[in-house]
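This structure is a prediction, so every number in the text was calculated from the model and none was measured. Chain letters run A, B, ... following the sequence lines, proteins first and then strands; every chain starts at 1. Any value given below was found using the heavy atoms of this structure, including those in side chains, with hydrogens, waters and symmetry copies removed.
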2 protein chains.
Amino acid sequence: MAKKKTIEADLSTQEKIKEAARKVFTQKGYAATRTRDIAEEAGINLALLNYYFRSKEGLFEIVMVEKLQQLFGTIVPILNDEGTTLEKKLELVVLCYIDMLTAHPDLPIFVLSEIRVDPERFSQRIQAGKLLREAYFLKQLKERRPDLHPLHFVMNLVGMTLFPFVGKPIFQAIGNLPAKDYAVLMEERKALIPKWVQAILKTK
Amino acid sequence: MAKKKTIEADLSTQEKIKEAARKVFTQKGYAATRTRDIAEEAGINLALLNYYFRSKEGLFEIVMVEKLQQLFGTIVPILNDEGTTLEKKLELVVLCYIDMLTAHPDLPIFVLSEIRVDPERFSQRIQAGKLLREAYFLKQLKERRPDLHPLHFVMNLVGMTLFPFVGKPIFQAIGNLPAKDYAVLMEERKALIPKWVQAILKTK
DNA sequence: AAATAATTTAATCAATTGATTAAATTATTT
DNA sequence: AAATAATTTAATCAATTGATTAAATTATTT
């Protein structure tokens, strides 16, 4: 058995492929990605991809699980924290999301596109379902506004935070903004969105 | 020249193909769509697709232009109307959008996905840029809140309205809602979003 | 050092896929 | 009705693409 050095090489080559797969899949989506694109990006022979991962599908599966976690997993601990007020949670979620999305702008459109292909397959995987339904956040929301479905607030919060990244090319076009200025708007939204959501909470 | 009957048959077969292309492209995206899928959906021979339209790309181009118009063109006349208040415009845009999206739920995710593939190519086509910058809506917005970039409000309005359709599978999963109940929420939002956006306009 | 195991490569497959061609059919014009 | 033009089909191509195979190379163990 080749062990020590083997595992190192393993991790290295395997990780190179995974990293390339993350990049190419996220950029072009599953269908438009050719395994040759990934191999080239990773700087390896095409056959190696099938040696380490069984198939394109297999590699995609691994990347997708990671990306789902990245997009949905991060906010769960924030929403579940029993030591923070509703207001604080809103601030933290917005801050955390905008920072993450600034670093990975095409994460949400990638995940949403792939979910569309097979909603059943991926929707279950988002344990955010269970986690959100049991979240302390939900209790706080219901106390504040028992008259409205909590999902309305989640839609507003996520819509205002995430959508500017999903629709970035469009908003940039209609606003005629260079990338730099767009980034400034995103920064501004870190402080603005929590205020807006709180204004929504106080409506009639 | 075969004219009368020719044109009728032309429109009929051609339109069958276009209709099939609209459906399949919108559902699966460009890359995942095979011309054979479209031919089958249209109930015609594959060669006919290339007889009427020069290529997959050509057919897609036609569909995409339609869809861009459908998604962005509809709101322009509403926003440009000099005879309505800002409040009325908000109401009308939300109403119009939610009705349209209820009828064509996968329109926005389709358009956004394809724009991602080649942002330059499609972003220019959205004359909404020029139209929004010159819109009466913008003037009204600037009067009301000169301190904030108008794009913030557009992002909030569109985010709250459109995003629940883009993220439908996810919101349904985390809310554990059947399709029927989800539709009810969308109906509720017709009246709620304008109020919320107005609350945002009044902040601080 | 020899044997063994793991990794990498070049070559090749078979299936898929967008597109074309030539012939057949149908409609229109003269 | 004959000639012509438009439409449709079956068959076929060539390129692409995910995957495999057998051989070569490199690392590890005995």
Between A:Lys88 and A:Gly83, is there a donor-acceptor pair closer than 3.5 Å when you use the side chain of the first and the backbone of the second?
no
Sidechain-backbone polar pair: B:Lys67 side chain, B:Leu107 backbone, donor-acceptor under 3.5 Å
no
According to salt bridge (charged side-chain N to carboxylate O under 4.0 Å, His left out), does anything in [range] pair up with another residue at least two apart or in another chain? List the pairs.
range: residues 42-58 of chain B; value: B:Glu57-B:Arg121
range: residues 157-169 of chain A; value: none
range: residues 36-52 of chain B; value: B:Lys23-B:Glu41, B:Lys28-B:Asp37, B:Arg34-B:Asp37

Under 3.5 Å, which donor-acceptor pairs link side chains of residues 71-78 of chain B to any protein atom two or more places apart or in another chain?
{"residue": "B:Thr74", "atom": "OG1", "partner": "B:Gln70", "partner atom": "O", "Å": "3.1"}

Spacing of [X] atom [atom1] relative to [N] atom [atom2], expressed in whole Å:
X: A:Leu49; N: D:dG18; atom1: CG; atom2: C1'; value: 10 Å
X: B:Asn50; N: D:dT12; atom1: CG; atom2: P; value: 18 Å
X: B:Phe53; N: C:dA19; atom1: CZ; atom2: P; value: 13 Å
X: B:Ile17; N: D:dT7; atom1: CD1; atom2: C1'; value: 11 Å
X: A:Tyr52; N: C:dT9; atom1: OH; atom2: C1'; value: 13 Å

Between A:Thr13 and C:dT7, does any side-chain N or O lie under 4.0 Å from OP1 or OP2?
no
From A:Ile62 atom CD1 to A:Phe53 atom CZ, the distance as rounded to the nearest 0.5 Å
5.0 Å
What residues in residues 32-48 of chain B put a non-hydrogen atom under 4.0 Å from any atom of DNA chain D?
B:Asn45, B:Ala47, B:Leu48
Is DNA chain C part of any stem, that is, at least 3 consecutive Watson-Crick or G-U pairs with both distances under 3.5 Å, and where?
C:1-30 with D:1-30
Which nucleotide in the set C:dA19, D:dT8, C:dT8 lies at the smallest distance from any side-chain heavy atom of B:Tyr51?
D:dT8
Measure from the ring center of B:Phe25 to the ring center of B:Phe110 and say whether it is less than 6.0 Å.
no
